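Data first, discussion second: the structure below is written as structure tokens.
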Amino acid sequence: MKKQIIFILAILCLCGCSIQKRIKRADKKFAIGEYYSAGEIYKSCYSRLSTKKDRALKGYVAYQQGECYRLINNPRAANAYQNALRCKYQLKDSTVYLRAAQTLQYQGKYKDAAKNYELYLQAHPDNYVAQAGKYACSKIDEWKREGSRYKVSEAKEFNQKRTSNFAPMFIGDNNDALMFTSNRQEKQKGGTKKLKRPSSVTGQQLFQLYQTRKNAAGEWESIELADGLYGDGDENQQENDSTGGKQAGNAEMGVCSFTRDGRSMYFTYSKPINGKDLGAKICLSERASGEWGEAQEVKIFSDSTITVGHPALCPTGDTLYFVSDAPGGMGGKDIWMAEQEGTDWVNPQPLGAGINTTADEMYPYVHADGTLYFSSNGHPGYGGLDIFKAVRDTTSKDSVVWVLYNMGSTFNGIGDDFGITFAGNTQDGFFSSNKGDKKGFDKIYRFWLPEMEFIAEGTISDEAGNPISDAKLRLVGSDGTNSKLSARRDGTYKIKLKKDVKYVMLVTSRGYLNDKEKWDTKGLKDSKTYTMNFVLNPISRPVKMDNIFYEFGRWELTKASETELEKLVKLLNDNPNITIELSAHTDMKGNESFNNELSQKRAQSCCDYLIQHGIEKERLTPVGYGKSKPVIADKALNKKYPFIPVEQELNEEFILKLKADQQEVCNQINRRTEFKVLKTTYKLY
């Protein structure tokens, strides 16, 4: 029995030593960037540690596992951080709250993410990344409601199932050739695919550069490995584990940028050698005879151990933007820039706090117009990497100040959105994202910005709703536009407008008063159609004014009358050479003397309002007709009230023969305010 106990204790001791050794091995792999391999070791160790006896160590292992998964975009990172929190790892390092928040936000769990950001901010109230994350979680619903003119769709011709395809880049200014990064498998002889051992860094197949070109029909042709950069495949048979002895392992290439002539390519290159991960570097390849030449390392820092990648040339080719974790940055991965001096790149410097954060800023791209685009998980966003637009603030004289714009929900969402490229000076292009992919594979998407269109359209009719087919329109714009057109036979019109222009449109027709409208297209951020229906008033017959109201039994105008009277003010200003009679009418109730006096005062009240609003007194003639001029029904009135015949005068004799409710309708019709044109030559002679 004693021997059995000793044996069991020995086994437990050996197991404990074994776990410690495995954790140290995982730590070593984590230190050299083999996150996938390290994460798998941490995972196996976590399940073998006791929550009671080894809680501190188990919390550390869970946290490290979360770090590994976070760095390779594995969705299991959130669970690992939660395990670390359950083991009270936050008592040792509150950063676990920040990491948990970031991974939850990456998954779109904004409420839970906000809680963890708040817990982290209690200990680090000035941390910008946590502040930005918490702010973003509170604004997500509002951001999602905001529209965008950009349109996006998957570029299926570049994507392959169960593989990642990302960071597309046009080769030169012709926009007819494209290079992108992918870990797809190459078809071998016999139609089979030769699988390489997954990367110890990402757990995926190695990434390589692929190119494609448009044919005469404008379609993208077959996708092939970049010509000249890859050998005959022997190297691809080597194992990828950097701890596997003397074999060098396969090189990974990706995230490229080109000179405007498309003959020089800068790209990211990474290759473990003799068990050591030397990090990424930037290489240059020149194209000759259709193939890319041997890659040459681009020296930026004197310290060759500093990792650099994601090169992006500015349009003039004399500034190189890139990503590095070099000393002097904000932390994490930062965007840097270097200047060209002969064939060398000198004076490397980070872009500063306006762009970089303590999180990661990557995948820079410079548009042909000089605008900088990049991806970040440190600025306010939807979760994971978001694409941002950065514009220099030219009003700041002391230092370079950047104004950042999140590209919005059309581009960004939960997960990572990155690697944008534009076709020349347009607003069309491609970007990559793992949005909507359950396994986190990256896909390439195309985007385009439809041309903004501004249209003025509508109908021209008389007061009864009948179309005026011979109406004429004149459009005058602040840009010098002065055009004339005729309405269609059905009284409709449609005019195309320009952006940032003030317009005036005058509508005329023989026998009708003119009408005019003003509007402008300044400051608009999206297409817009202006629907303007014109109702022209006749010159030869009275026009009833709707919605003119007086105090009961009196002549004072109510507030509700102002809208209709303002329309009359506009009509008189649009037709400055007319004079009008403005008349008021009562129903058959009451004696004639009272009705005449009441209607005269009501007509005068309307004229007084017009005079107060700038209309000359000489152009207005107020008349009160009392009940002496009842309405004569037309087709429109008959259609609305079939019991009233066409041409029927709504006099007292006709009304008294009707039912009580019909009598009230007729009395309401007779109670009205009208105007009619008296002269069209005021101040013409």
Side-chain angles (χ1 to χ4, degrees), residues 33 67 70-73 95 98-99 101-103 105-106 127-133 135-136 166-167 169 181 254-257 266 268 270 279-282 300-301 306-314 319-338 348-367 370-393 399-408 411-422 431-434 442:
E67 288 291 89
R70 178 181 65 87
L71 291 167
I72 60 175
N73 295 331
T95 305
L98 177 63
R99 297 298 184 231
Q102 289 174 314
T103 53
Q105 186 181 1
Y106 184 92
N127 184 274
Y128 172 79
V129 172
Q131 291 173 346
Y135 171 77
F166 62 91
M169 188 63 59
T181 307
V255 190
C256 53
S257 182
Y266 293 82
T268 307
S270 177
K281 57 186 178 182
I282 294 174
I300 298 177
F301 294 102
I306 294 177
T307 293
V308 294
H310 299 191
L313 280 172
C314 75
T319 302
L320 180 68
Y321 294 86
F322 61 95
V323 174
S324 179
D325 56 3
M330 295 291 295
K333 297 180 179 66
D334 291 328
I335 298 176
W336 291 62
M337 62 179 289
Q349 53 186 301
L351 294 191
I355 298 293
N356 295 320
T357 69
T358 56
D360 294 330
E361 282 67 48
M362 302 187 290
Y363 299 95
Y365 173 84
V366 187
H367 191 276
T371 302
L372 174 66
Y373 293 82
F374 67 98
S375 289
S376 170
N377 57 13
H379 295 291
Y382 293 77
L385 292 172
D386 275 16
I387 300 175
F388 288 84
K389 174 182 177 180
V391 180
R392 290 178 184 267
D393 182 1
S399 60
V400 176
V401 177
W402 297 90
V403 180
L404 299 189
Y405 302 90
N406 187 297
M407 292 293 285
F411 291 87
N412 298 318
I414 59 175
D416 291 323
D417 309 283
F418 59 101
I420 195 168
T421 185
F422 291 81
F431 72 102
S432 43
S433 173
N434 58 16
D442 302 311

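Please read these numbers as outputs of a predicted model, since none were measured by experiment.
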Residues which pass side chain to side chain donor-acceptor pair (under 3.5 Å) with Thr371, listed by chain and number, not counting sequence neighbours:
Asp369
What verdict does the side-chain hydrogen bond (donor to acceptor under 3.5 Å, both in side chains) test give for Asn73 and Asn434, after you've listed the backbone C-alpha separation in whole Å, the side-chain angles of each residue and the deciding distance to 0.1 Å?
CA-CA 10 Å; Asn73 295 331; Asn434 58 16; 5.7 Å; no
Output the distance between atom CG (Asn412) and atom CG (Leu385), rounded to the nearest 0.5 Å.
9.5 Å
Does some side-chain heavy atom of Val255 sit less than 4.5 Å from a side-chain heavy atom of Phe166?
yes
State the CD1-CD1 distance between Ile420 and Ile387, to the nearest 0.5 angstrom.
4.5 Å
Assign the ring pair Phe431 / Phe411 to parallel, tilted or perpendicular, where the plane angle (0 to 90°) is split at 30° and 60°.
tilted
First locate atom SG of Cys314, then atom CG of Leu320, and finally report the distance between them rounded to the nearest 0.5 Å.
8.5 Å
Do Val308 and Trp336 have side-chain heavy atoms sitting under 4.5 Å apart?
no
Can you check whether Asn377 reaches Gln105 side chain to side chain, under 4.5 Å on heavy atoms?
no
To the closest 0.5 Å, what do you measure between CZ (Arg99) and CZ (Arg70)?
4.0 Å
Do Phe418 and Met362 have side chains that approach each other closer than 4.5 Å (heavy atoms only, starting at C-beta)?
no
Report yes if some heavy atom in the side chain of Val366 is under 4.5 Å from a heavy atom in the side chain of Leu313; otherwise report no.
no
Where Thr357 and Gly378 come nearest, the two heavy atoms and their spacing:
OG1-CA, 3.5 Å
Side chain to side chain donor-acceptor pair (under 3.5 Å) with Asp386: which residues, sequence neighbours excluded?
Asn406
Between Ser257 and Ala312, which heavy-atom pair has the shortest distance, and what is it?
OG-CA, 3.6 Å
Between His367 and Lys389, is any pair of side-chain heavy atoms under 4.5 Å apart?
no
Value for CD1 (Ile282) from CD1 (Ile300), rounded to nearest 0.5 Å, stands at 4.0 Å
From the list Ser375, Ser432, Ser433, side-chain hydrogen bond (donor to acceptor under 3.5 Å, both in side chains) with Asp417 holds only for Ser433
Here the pair of heavy atoms bringing Met169 nearest to Thr421 is SD-OG1, 3.4 Å
For the atom pair CD (Glu361) and CD1 (Ile335), what is the distance rounded to the nearest 0.5 Å?
6.5 Å
If you compare all heavy atoms of Pro311 against all heavy atoms of Thr268, which two are closest, and at what distance to 0.1 Å?
CD-OG1, 3.5 Å
Is there a side-chain contact between Leu351 and Leu372 in this structure, where contact means two heavy atoms from C-beta onward sitting under 4.5 Å apart?
yes
Do Arg392 and Trp402 make a side-chain contact, defined as non-hydrogen atoms from C-beta onward lying under 4.5 Å apart?
yes
Once the angle between the rings of Tyr365 and Tyr373 is folded into 0 to 90°, is it parallel (under 30°), tilted (30 to 60°) or perpendicular (over 60°)?
tilted
Please tabulate, for side-chain N and O atoms in residues 321-333, each donor-acceptor pair with protein atoms closer than 3.5 Å (sequence neighbours left out).
from: Ser324; atom 1: OG; to: Thr307; atom 2: O; distance (Å): 2.8
from: Ser324; atom 1: OG; to: Ala326; atom 2: N; distance (Å): 3.0

Are His379 and Phe374 close enough, and set up right, to give a side-chain contact (heavy atoms from CB on, under 4.5 Å), and what steps lead you there?
CA-CA 11 Å; His379 295 291; Phe374 67 98; 4.1 Å; yes
